[in-house]
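These notes concern the structure reproduced below.
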Amino acid sequence: MIPRHATAAVLVRPALWWTVVIQVAVLARPGWWKRWPPIPLPDPGYLRFRLETAYGDPEAKIEADDVVEYLAWCREARVAAR
């Protein structure tokens with residue numbers, strides 16, 4: 001689940017909202033709508049892997065600044081790829 005502090009950090013940055021929509025679609029577990037509750041969350045194994053590579057702990061708490069920085073990087077990469 002996305003921590004509230006990360007959600008709040010993104011909500012005050014409207015320039016990243018569309019990037020959030022895209023990344024949710026990209027990272028959602030395949031067939032997410034077939035499982036209850038139908039929420040497009042990433043695969044838990046993928047999320048643990050990303051947390052371990054980022055923080056060295058698969059159970060680490062996601063930092064709000066890291067979420068904002070990741071989304072900004074995704075946005076810039078998408079623009080650069082055009």
Side-chain angles (χ1 to χ4, degrees):
M1 204 47 105
I2 307 282
R4 287 184 187 166
H5 64 286
T7 302
V10 172
L11 283 176
V12 298
R13 293 171 175 83
L16 295 177
W17 293 356
W18 185 242
T19 304
V20 170
V21 172
I22 293 170
Q23 288 311 114
V24 166
V26 167
L27 298 175
R29 185 173 32 182
W32 61 269
W33 61 88
K34 299 176 187 173
R35 299 179 183 93
W36 192 259
I39 301 172
L41 295 174
D43 181 82
Y46 173 76
L47 189 55
R48 281 192 304 276
F49 169 75
R50 296 302 303 176
L51 288 171
E52 186 165 2
T53 56
Y55 301 109
D57 179 6
E59 303 300 323
K61 181 180 172 186
I62 300 172
E63 297 294 332
D65 290 343
D66 292 341
V67 173
V68 170
E69 193 171 323
Y70 167 74
L71 290 170
W73 177 81
C74 290
R75 182 171 173 245
E76 291 170 11
R78 195 176 68 247
V79 170
R82 290 182 187 171

Linked hydrophobic residues, Val79 as query - side chain contacts closer than 4.5 Å
none
Donor-acceptor contacts, no H, no angles, side chain residues 33-58, under 3.5 Å, sequence neighbours left out:
from	atom 1	to	atom 2	distance (Å)
Arg35	NH1	Pro30	O	3.2
Asp43	OD2	Gly45	N	2.9
Asp43	OD2	Tyr46	N	3.3
Thr53	OG1	Phe49	O	3.1
Thr53	OG1	Arg50	O	3.0
Tyr55	OH	Glu63	N	3.1
Tyr55	OH	Asp66	OD2	2.5
Asp57	OD1	Glu59	N	3.0

Less than 3.5 Å apart, which donor and acceptor atoms pair up between the side chains of residues 11-23 and the rest of the protein, not counting sequence neighbours?
from	atom 1	to	atom 2	distance (Å)
Arg13	NH1	Ala9	O	2.5
Trp17	NE1	Val10	O	3.2
Trp17	NE1	Leu11	O	3.4
Gln23	NE2	Tyr70	OH	2.8

If you group Ile, Leu, Val, Met, Phe, Trp and Tyr by side-chain heavy-atom gaps below 4.5 Å, do Trp32 and Val24 land in one group?
no
